[in-house]
Every structure is written in C-alpha cells, then in structure tokens.
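Just so you know, these numbers come straight off a predicted model, no measurement behind them. Counting starts at 1 for both ligands and their atoms, following the listed order.
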Amino acid sequence: MPRIDGYERVSGTAVFPLDVILPNMLYGAILRCPHAHATVKAVDTAKAREMPGVHAVLTDADPEAQIGWFSRPGSAGSGSPALSRLFDPHCRFEGEEVAAVAADSPQQAWDAVRAIRVEYEVLPFVSDMEAALKPGAPDVQEGGNRMGNPRETKRGDVEKGFAEADVVLEETYRTSCDIHTCVEAHGSVVQWDGDRLTVWDTNQGPFPIQAALAGALRMPLSKVRVISSYMGGGFGSKLNLGKYSVIAALMARKAARPVKLFLTREETFLAVGNRPAHIMKLKAGVKKDGTLTALQLTGVGEMGAYPAATAVGYQVGDLYKCPNVRIEETMAYINAGPNRAFRAPGFPQCSWALEQMMDALAEKIGMDPVDLRLKNISTVCQMDNNKPYTSTGLRECLSEGARAFNWKESRSRPKGEGPWVRGVGVAGGMWGSQNGPPATVIVKLYADGSANLNMGAADLGTGTKTVMAMIVAEELGVPMDRIQVENADTGNTQFTSQSGGSKTVYVDSPAVRAAALEVKSSLLDMAAAQLKVPAADLNFKDGEILAETGTQRLALRDLRQLQMQQAVVGVAVRGPVQSDKVVRPFVTHFAEVEVNTRTGEVRVVRMLAAHDSGRVMNLLTYRNQVFGGFIMGLGLATMERRILDPVTGKMANANWHDYKIPTAKDVPAQMTVLPIDLHDTECNTTGTKGIGEPAMIPSAAAIANAFYHATGVRITAAPITPSQVLTLLAERKTKG
Ligand code: MOS
C-alpha cells in the first residue's frame with residue numbers, strides 16, 4: 001500500500017516545519033563556540049544590536065535565559081541540579097550555544113551573529129575517550145571524565161564458564177562516532193499568541209517536546225502547542241527538545257514576532273547528537289559442539305561533553321543462550337557534542353562485536369556460523385528473569401534466510417584470484433522493544449461513510465500514518481482514500497508518547513483498532529434498532545450494513561440514527577501491555593561483499609534481510625525500513641565516522657561532502673527482504689512488533705564477516721576504509 005501522504009510529500013504540498021512562513025516572522029541564528037573547550041569571558045553584542053533588521057539578541061546575561069540543561073546521570077529528572085544552562089559560559093564542545101539573534105532575514109541574522117564579539121579563554125581539551133579516562137586528562141565535567149559508576153550486569157560465573165570451554169577467544173572491537181544526518185535539519189518556528197505558545201517543530205513526538213518545553217519555560221502544558229505533522233527523518237536525534245526551540249521562543253517573546261530558527265547542515269553535525277564511538281573488549285567461551293559457556297564484555301562509550309547514555313551490552317546478555325555473562329560498561333566524557341539515541345541505540349555497536357566474535361568462534365570449532373547461532377537460540381529473556389518472549393523468530397530468520405540467500409552454496413563458492421575477491425557473511429540480532437504511556441486514539445465516521453483517524457503519533461517518514469489508516473480501513477470496510485489521518489499535534493490530536501524505539505505501530509495500533517471497533521459496534525447497534533434484529537447478526541462492510549442472512553442490507557444514508565447525529569465517534573486507549581512476557585523483534589542479515597585487494601575498495605553486492613517483527617502490516621513500507629536500515633549499517637561498516645582533529649579538537653568533516661554516507665552508487669545491486677511474518681498474538685491485538693531499528697542492527701557485522709570470509713583478515717575497527725584494508729592486508733603479507 002503506497003503511503004497515504006505520498007502525493008503531498010512528493011509534490012511538495014506537504015508543509016514541513018521548515019516550510020512554515022508566518023506573517024511578520026523573524027529568522028533566528030545561533031552563535032556557537034568555535035573551540036573544543038573554552039570559557040566565555042565576555043560577550044559584546046552592542047554592534048549586533050545596532051545592525052539593520054535585528055529585533056532580538058539573547059545571551060547568558062538575559063535573566064530569562066537562565067534555564068538549566070542536562071542533569072547529572074542517575075539524578076532524578078527535573079528537580080536535580082543542571083550541569084549546564086541555555087548559554088553556558090563553560091563551553092565544553094565545539095558548537096555549544098553562546099548567543100542568538102533574530103532578524104528580518106536569515107542573512108541579517110547571520111551578519112549580526114558575526115558581529116558579536118566574544119572573548120574566550122581557550123582551555124585544554126580531550127577528544128578521545130581513552131585519553132579522557134587517563135589521569136591528568138583535562139576535565140570535561142567537574143568531577144572527572146567518568147560518567148557515573150560503571151554499569152555492571154552479572155549472571156552465573158564467567159570464570160567457571162571459560163574453564164568449561166574448549167575454545168576461548170578475546171578481541172577488542174571498535175566503532176566510530178556516526179552522525180544521524182537527517183535529510184531535514186533540526187529547527188522550529190515559534191509563535192506567541194498572548195501567553196500561548198505554538199511551535200512547529202521537527203521531532204519524533206510532539207507530546208514529550210511539549211512537556212520539555214513547558215518545563216524549560218515554566219509554562220502550563222495546556223499553553224504549549226507543538227505541531228509536527230510532517231518530518232524528514234530523525235533516527236533518534238529528534239526525540240529531545242532542542243535548545244534552538246527554547247531560544248526561538250525567548251527571542252519571539254522579546255521581539256513580539258514569530259521566529260523561525262533552523263540549524264545549518266554544519267550545525268547539525270556538531271550539536272544535535274551522534275551515535276557514540278565504542279570500544280568493546282569481548283571474551284567468549286564455546287564448547288566444541290557449539291554451546292556457549294561464557295561471554296564477558298568490557299565496554300567504554302564516548303558520551304560527548306554532557307550526560308547521555310548509550311549502553312551496548314544488552315545483546316551479549318540476551319541474544320544467545322549463555323549461562324555465564326558479565327558486562328561492564330564505562331561512559332566517558334570528551335569535548336565533543338553529546339550523543340543522542342541513534343537507531344537502536346547501542347545495538348549495532350554490540351552486533352559489530354558479538355556477531356564478529358560468533359563468526360570467529362564458529363571458525364575455531366569448525367562449525368558453520370549459521371549453525372552456531374541456531375545452536376544457541378533462547379526462547380526466554382535471560383536479561384529479565386527468564387520470562388518467555390511473546391514470540392521468537394530468530395530460528396526462522398536464520399534457517400529460512402540461509403535458504404533464501406543460498407548460504408551454503410555461496411559460502412563454498414571460489415573466492416576469486418584477485419584483485420577482486422568475494423565472500424559472504426551472516427549476523428543475527430534482536431531489538432529491545434519498549435512501551436510507554438497508553439496512547440489514546442479517536443476514530444470518527446461521518447454520515448457519508450468517510451472517516452478521520454485522530455492520533456498523536458508522529459510519522460517519521462516510515463509510513464506510520466498509512467499502517468494506522470489500513471487498520472481503520474480493514475475494521476470499518478472504508479476505502480483508504482476516504483480516510484484522513486490527523487496526527488502529531490498536541491493541540492488537536494490525542495496523547496501518545498514519541499515515535500521511537502520502533503514501538504509506534506506495536507504500541508499505538510491496538511488503540512486504533514479498538515477505536516475503529518467501537519465505531520463499528522455503535523453503527524451495528526443503530527442498525528439493529530432500526531431493523532429490529534440482534535446486532536450480533538449484522539456486519540458493516542463497504543459502507544453498508546448487512547444482515548448475516550444476506551436478506552437485509554442498509555446503506556449508511558438510510559441509517560436514520562446516523563443521519564440524525566451526522567457522525568459516530570470511537571475513542572480507545574491502549575490497554576495494559578504484557579508484563580509477564582517480553583517483546584523482542586529478531587533479525588538475521590546476510591551480505592556478500594567484493595574486496596579489491598589492490599585498492600582496498602569494499603563493495604556490498606548482495607544482501608538478504610530476514611526479519612521477525614511480528615505481522616507485516618504493509619509490505620511496501622516494511623521493505624523500505626529494511627532497505628534503509630541495512631544501508632545505514634553499510635555506512636557504519638564501510639564509511640561513516642566523525643573525525644575530530646587532534647590538534648584543535650574541532651570536527652574536520654562537519655558537512656555532507658567530507659562526512660561520507662552511502663549513496664545510490666553504494667547500494668547493493670541485489671537486495672532481498674524476507675519477512676518471517678509470525679503474527680505475535682501474545683504481544684498485542686494487531687500481532688505486530690516493530691521494524692525500524694531491527695533493520696540496521698546486524699548489517700554492519702554481516703558485512704564485516706563477509707569481508708573476513710573474502711580476505712581472511714578481521715577488521716575489528718569500523719569503518720572498513722580502503723586505507724585500513726590495505727594496511728591490514730600488507731601486515732598479513734609481511735607476517736606471512
Ligand atoms: Mo529511536 S533511536 O528510539 O528514534
């Protein structure tokens with residue numbers, strides 16, 4: 001089913017926040033610290049204030065800008081002391097906000113920003129997590145560069161497990177810091193109407209943004225309206241309130257004019273999050289028959305300058321059956337932009353380590369990598385008291401995926417004489433689905449048989465609106481083109497939490513279905529009264545009420561009660577979610593790569609993704625998610641990385657030219673999505689589990705394993721760049 005908002009997206013009639021133009025609107029721009037670490041000694045805005053078109057200037061000297069930001073890890077939310085404020089004179093990363101201007105045109109705003117004189121005291125910086133944890137490193141945060149205490153998870157006895165193993169391997173894996181690079185940059189358009197604030201903001205859920213904004217501005221929630229009906233990609237970087245929204249609101253109040261404040265592409269590379277780099281030391285023990293005996297992960301994650309918390313260990317403790325597990329994770333501050341959730345936070349990094357380790361273990365014991373994984377499937381959640389999963393499709397992902405990919409035959413095919421050599425790899429994964437507060441949904445059927453679906457959820461471009469409309473269409477028998485969705489507007493749609501954690505469809509769709517069923521049951525009651533037959537004998541389909549006997553039919557226009565009241569409304573709240581079982585989507589990715597041993601070039605030529613995300617609601621958008629996720633993983637594996645210049649601490653590739661992401665030319669020629677399509681009736685009333693994040697979890701690891709199969713060289717540090725490939729191939733040659 002094509003997206004119901006496909007036409008407006010493609011034709012350009014869809015109004016994204018960036019498109020909003022209001023009468024008398026000003027344009028905002030932010031002055032950001034150009035240093036990795038500095039103290040602001042003085043800010044002179046005199047000249048900027050005199051410049052043409054300037055209507056508001058905001059700095060830390062403004063009393064209304066005294067707004068706390070970032071709290072200490074482990075502290076209890078809003079009441080805890082903030083670590084920073086809107087314009088903090090202690091700038092801990094390149095890109096930290098120092099001042100802002102609103103002017104008649106963007107050009108005037110940027111000219112005025114350039115006219116602000118700032119005196120900085122440049123401080124020593126640290127831009128590497130290992131250096132940050134060494135004694136004597138410059139302190140990013142008062143109290144040192146260790147973010148809280150290491151997190152620890154323990155099960156069984158790993159030492160005993162390693163002693164029982166026939167093979168024990170240990171390896172250190174690394175992933176780079178990657179940037180979300182949403183097509184649509186971050187920003188807001190804000191407007192005051194008396195004491196009411198309306199914000200068009202690009203985010204993954206307007207309700208949490210409303211709450212955070214109301215908190216920052218000390219306003220009642222009811223006075224803050226956030227509208228985010230269209231958005232152009234978030235990947236986790238748009239879950240949080242941005243300082244830009246608050247800055248725009250304060251300047252709009254000062255100037256008594258609406259303000260549009262969108263970041264430049266370069267600013268988005270510095271200041272709105274990233275997937276943190278990780279170092280993962282993984283030790284694993286396995287018996288000759290493939291039984292895992294122990295897994296131990298010691299991880300260090302690079303959090304940036306402020307508390308953020310991407311842990312990576314989960315799959316080590318849950319994906320494969322293993323009695324003895326120890327996970328210890330340390331988070332380190334460095335002088336760089338703080339991380340934010342990024343498509344399956346922590347999971348692609350973990351897969352990079354765990355799935356390469358599984359590959360290495362399989363080789364050591366002479367077992368096929370698919371078989372080793374099949375040998376260790378768990379049907380209970382070992383990280384949550386061995387509660388059963390609602391469904392476990394990992395076995396099907398592995399075995400049906402291997403069959404469809406032609407795994408055995410591909411694995412034994414000749415690798416080539418060079419310079420191009422080829423290989424295939426596999427990697428598995430799971431996603432830690434979440435819940436959230438109940439969603440409320442309203443379905444309204446008009447007397448003409450058309451319907452509105454009113455729901456709070458944002459559609460990140462994933463097709464959420466389409467899937468939800470399909471549920472209404474199916475339950476009510478209303479054609480798709482007669483359904484209009486109203487969504488993601490705190491003023492006009494119903495409460496739900498953000499679209500994140502791949503949970504929107506699986507958490508909100510039961511409410512949609514229930515609301516549609518309520519409408520149907522009201523209609524049937526009306527018809528029963530009119531026809532004088534029991535409601536249970538009636539059905540509603542294609543705009544008509546039909547009696548089971550087939551003898552009586554009633555068009556909506558002849559339904560007297562409906563024509564009198566003009567509309568029927570169904571309201572539903574998602575009921576309680578399973579608590580005695582655990583919901584986990586599962587995935588297996590297969591990749592075929594070609595490596596040029598002379599140039600170091602790596603091409604992914606074929607991929608197959610087998611997914612158990614419960615029932616497939618809409619195959620088109622499901623496949624879109626999987627392709628996008630796989631390709632994002634291809635970026636992680638082969639090209640993406642934030643480069644911090646060791647001399648200045650500044651980001652050397654803060655733009656789309658120097659920061660490489662996959663383009664059409666990097667996409668595998670052959671891409672196959674294999675939905676396992678197990679309807680998970682234990683999980684919810686629509687049988688769904690969530691696909692957006694599972695789609696990228698194991699792809700990088702599958703590519704790394706295919707690279708190893710092709711070359712015999714293990715690349716433990718992502719990305720697999722040509723220079724790294726050539727260095728390692730040359731090293732192997734000299735070592736013989
Ligand atoms: Mo996701 S990283 O919860 O958008």
Side-chain angles (χ1 to χ4, degrees), residues 175 177-186 201-209 211-212 226 228 230-242 268 272-278 301 303-304 307-312 314-315 337-352 429-437 439 456-465 467 487-488 496-508 583-585 587 613 621 624-626 628-633 635-636 640 661 688-700:
T175 54
C177 173
D178 295 346
I179 308 293
H180 302 76
T181 68
C182 317
V183 169
E184 178 199 32
H186 301 60
D201 180 59
T202 169
N203 63 62
Q204 295 177 224
F207 289 92
I209 301 295
V226 178
S228 355
Y230 289 96
M231 65 96 71
F235 310 111
S237 73
K238 292 177 183 171
L239 290 166
N240 311 61
L241 174 69
T268 68
V272 288
N274 51 69
R275 181 195 295 115
H278 263 91
M303 299 297 107
T310 297
V312 299
Y314 190 85
Q315 288 177 106
N339 82 60
R340 278 185 180 176
F342 190 160
R343 206 167 189 171
F347 282 60
Q349 296 98 309
C350 185
S351 286
W352 180 258
M430 72 183 339
W431 172 234
S433 290
Q434 301 138 19
N435 287 315
D459 184 335
L460 317 185
T462 56
T464 305
K465 283 194 268 186
V467 167
N487 76 313
T496 188
S497 56
Q498 68 269 46
S499 293
S502 307
K503 71 175 174 51
T504 319
V505 166
Y506 107 82
V507 167
D508 289 14
V583 179
R584 296 278 176 266
V587 46
S613 282
T621 50
N624 288 167
Q625 284 301 299
V626 177
F630 183 90
I631 292 159
M632 210 169 217
L636 191 171
E640 294 193 42
I661 62 168
T688 52
K689 292 201 285 189
I691 185 72
E693 285 162 306
M696 93 157 281
I697 290 169
S699 44

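Remark: ligand 1 atoms within the under-4.0 Å shell around heavy atoms of F342 are 2 (S). Residue-ligand proximity, E693 to ligand 1, at heavy-atom distances under 4.0 Å covers atoms 1 (Mo), 2 (S), 3 (O).
For atom 4 (O) of ligand 1, the nearest non-hydrogen atom of the protein is Q204 NE2, 2.7 Å. Distance from atom 3 (O) of ligand 1 to its nearest protein heavy atom, with residue and atom name: G501 N, 2.6 Å.
Here L239 has side-chain heavy atoms under 4.0 Å from ligand 1, and that is the only part of it that gets that close. Under 4.0 angstrom from ligand 1, the non-hydrogen atoms of R343 all belong to its backbone.
The closest side-chain donor-acceptor pair between Q315 and S351 falls under 3.5 angstrom. K238 and S228 share no donor-acceptor pair across their side chains, judged by distance under 3.5 Å alone.
In this structure, the side chain of S613 engages the main chain of G690 through a donor-acceptor pair within 3.5 Å. A donor-acceptor pair is defined here as one N or O able to donate and one able to accept, closer than 3.5 Å; no such pair exists between the side chain of W431 and the backbone of I691.
Judged by the shortest distance from any of its heavy atoms, P345 lies inside the 4.0 Å radius around the atoms of ligand 1. Q498 does not count as a contact of ligand 1, since none of its heavy atoms falls under 4.0 Å from the ligand.
Summarising the geometry, atom NE2 belonging to H180 is positioned 10.5 Å from atom OG1 belonging to T268; distances are rounded to the nearest 0.5 Å. Taken to the nearest 0.5 Å, the NZ atom of K503 stands 5.5 Å off from the OG1 atom of T496.
Aromatic ring pairs are classed by plane angle as parallel below 30°, tilted from 30° to 60° and perpendicular above 60°; the pair F342 and F235 is tilted.
On a distance-only criterion, S499 and ligand 1 share no N/O pair closer than 3.5 Å.
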